[in-house]
Amino acid sequence: MAETPLAFFSVYLYNALWKSREVRIKSTCAGIYSEVPYVQEELPLDRTQVVLPAGAIRRQEEFTRRMAAFFDRAPRRPLAMVDTYGCQQNVADSQRIMGMLRDMGCGFTQDPYQADVIVVNTCAIRENAEKKVFGVVGQLVHAKERNPDLVICLCGCMAQQEAVAARIRHSYRHVDLVFGPQALWRFPELLCGVYTEKKRVFSIADEHGSIAEGLPVVRESDVRAWVSVMYGCNNFCSYCIVPYVRGRERSREPERILEEIRGLVEEGYKEITLLGQNVNSYGRDLDKPMDFAGLLREIDRIPGDYLIRFMTSHPKDADERLFAAMAECPHVAKQLHLPVQSGSSRVLKAMNRGYTREQYLEKVRLARAVMPELVLTSDIIIGFPGETEEEAMETVSLVEAVRYDALFTFIYSPRPGTPAARLPDPVSREEKQSWFDKLLEVQNRISGERHRAYVGETLRVLVDGGSGDGQWPLSARTHGGRLVHLRGDGSLTGRYVNARITGSNTWALFGEAL
Ligand code: 5AD
Ligand code: SF4
């Protein structure tokens with residue numbers, strides 16, 4: 001008998017597994033890159049086509065059971081490694097993939113040389129993220145050489161792009177399975193396909209996207225959990241690849257979200273982050289209308305000691321209804337991530353953001369009027385094609401005016417297929433870097449000042465884990481989401497405690513648990 005469970009698996013599966021399965025795998029790797037059209041209008045989807053019927057999920061569960069039966073007969077328990085890049089949505093997706101792998105009987109490892117199945121969940125938002133993944137996937141060839149039965153899977157936003165799939169097909173022949181975010185729910189079937197057909201599987205069909213309820217999940221923390229409230233994006237900001245790879249906006253039914261959150265609160269989770277590319281357009285596609293502010297109010301009624309956070313809000317859709325709900329719901333953190341992207345109205349128009357500098361500043365004023373303690377963060381892109389130094393400095397002046405608690409700053413990265421990638425981009429990387437450095441210098445000073453203002457205060461914080469640092473052994477978060485390095489006993493993990501803030505720097509606070 002073969003050494004590894006997977007070798008055993010492939011022989012057995014070949015004869016017995018799911019011969020009559022309905023294969024919907026689209027092997028589209030023409031190798032020719034075709035530009036994705038620029039779709040600006042919203043495309044309402046028919047709910048009956050979006051929410052997957054229970055039978056479709058049960059069918060995947062059947063694949064999972066069959067996989068589990070085969071793994072069960074293997075000489076040892078198979079190990080899976082899930083390597084995640086990118087945003088919180090990817091983290092949440094990976095937890096679902098881990099749930100499916102666990103139900104197939106897999107244990108988990110971080111060591112590619114120990115693994116029988118490796119899943120790399122990728123991010124396409126900037127070129128650097130893609131380069132990193134290609135580097136990591138390239139290295140996995142050594143693990144495959146050592147264990148030819150290793151199955152390597154690539155999923156996530158990179159995998160949804162035909163050009164990437166083509167490159168993987170031709171130059172990374174050790175990768176067995178490629179599937180985009182829209183096919184995630186079919187992972188058990190796709191994995192079975194790799195074993196039964198003993199060939200590489202590419203599933204990057206350009207579907208509009210669906211909602212799969214009831215997928216298994218492995219949550220990696222007992223304290224913090226992610227709950228997707230919607231998927232996809234209809235905004236088509238001109239620099240962004242997300243709408244092309246994650247499909248059209250689709251909202252989960254509120255009942256299902258409430259049910260999931262009730263369960264998490266009962267299990268003792270203390271911090272639940274609602275996820276969506278643009279949570280403020282939540283509910284527009286539901287048959288029974290409900291907006292995000294309404295959803296927050298419904299969630300807030302669930303009794304318990306927990307905090308709700310959410311990301312990301314689009315400034316064009318964040319309104320007074322949202323700010324009022326945030327202010328009035330005790331379970332909702334007074335924290336808002338409101339990506340501005342640029343402080344220049346001309347650049348914002350070119351980015352297709354749907355608001356001006358002045359309109360953005362007015363939203364911030366409205367939010368702070370009802371939540372003076374609001375912790376406000378943002379994303380900014382420097383060096384959008386055609387941006388001038390003067391326009392970049394308008395962004396710096398907006399940052400001075402708003403005084404964010406923290407910023408996520410990026411230098412523009414052209415994404416093939418997006419409209420911005422076709423624009424002339426005459427400014428050198430060095431010049432963009434100098435604008436970027438200026439922005440960082442200003443924000444670091446502001447973050448430092450805002451953090452210093454907490455020193456001497458006593459705050460209620462959630463201890464969410466150990467920090468690995470002997471001097472500050474615990475890590476915690478304030479209600480506004482600021483990181484606190486804490487002195488205190490390890491038994492406090494998972495609890496809300498009062499902490500006296502004794503120090504601060506640009507990135508974090510320091511304190512003692514009381
Ligand atoms: N180049 C640089 N940054 C980008 N972002 C999205 N697309 C790009 C791009 N092409 C940034 C935006 C977004 C964040 C998640 O990533 O600021 O809000
Ligand atoms: Fe990308 Fe966010 Fe714009 Fe959607 S709203 S296109 S995810 S930047």
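Each ligand, and each atom within it, is numbered from 1 in the order the structure gives.
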| task | For atom 8 (S) of ligand 2, grab the closest protein heavy atom and report residue, atom and distance to one decimal in Å. | result | Y239 OH, 3.4 Å
| request: State which residues pass side-chain hydrogen bond (donor to acceptor under 3.5 Å, both in side chains) with N121; sequence neighbours excluded, sorted by chain then number. | output: S94
For the residue pair [X] and [Y], is the inter-centroid distance of their aromatic rings smaller than 6.0 Å?
X    : Y    : value
F410 : F436 : no
F408 : H337 : yes
Y412 : Y239 : no

| When you look at CD of E390, are more than 12 heavy atoms from neighbouring residues, nucleotides or ligands closer to it than 6.0 Å? | no
| said: For R284, is there an ion pair with E249 - N to carboxylate O distance below 4.0 angstrom? | reply: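 So E249 does not pair with R284 through a salt bridge.
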| Do D285 and R250 sit within salt-bridge range, that is, some charged N less than 4.0 Å from a carboxylate O? |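 Result for this pair is no, no salt bridge flagged.
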| query | Going by chain and residue number, what protein N/O/S atoms come nearer than 2.8 Å to atom 3 (Fe) of ligand 2? | reply |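 Listed by chain and number, the nearby protein N, O or S atoms are C237 SG.
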| field | Residues forming a salt bridge (charged side-chain N to carboxylate O under 4.0 Å, His left out) with R224, sequence neighbours excluded | value |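 Testing R224 for salt bridge (charged side-chain N to carboxylate O under 4.0 Å, His left out), a comparison that skips the adjacent residues, returns E271, D464.
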| message | Checking ring-ring contact (aromatic ring centres under 6.0 Å, His included) between F179 and each of F202, F187, W185, which is the one that passes? | response | F187
Taking a 3.5 Å cut-off between nitrogen or oxygen atoms, can you list every pair linking ligand 1 to the protein, with distances?
unit_1: ligand 1; atom_1: 1 (N); unit_2: S413; atom_2: N; d: 3.0
unit_1: ligand 1; atom_1: 3 (N); unit_2: R126; atom_2: NH1; d: 3.3
unit_1: ligand 1; atom_1: 5 (N); unit_2: R126; atom_2: NH1; d: 3.4
unit_1: ligand 1; atom_1: 10 (N); unit_2: Y239; atom_2: O; d: 3.1
unit_1: ligand 1; atom_1: 10 (N); unit_2: S413; atom_2: O; d: 2.8
unit_1: ligand 1; atom_1: 16 (O); unit_2: R126; atom_2: NH1; d: 2.9
unit_1: ligand 1; atom_1: 17 (O); unit_2: Q341; atom_2: OE1; d: 2.7
unit_1: ligand 1; atom_1: 17 (O); unit_2: Q341; atom_2: NE2; d: 3.4
unit_1: ligand 1; atom_1: 18 (O); unit_2: Q341; atom_2: NE2; d: 2.8
unit_1: ligand 1; atom_1: 18 (O); unit_2: D379; atom_2: OD2; d: 2.6

| query | If only atom types and distance count, is the side chain of N352 paired as donor or acceptor with the main-chain N or O of F236 below 3.5 Å? | reply |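 Side chain of N352 to backbone of F236, a donor-acceptor pair under 3.5 Å: yes, one is there.
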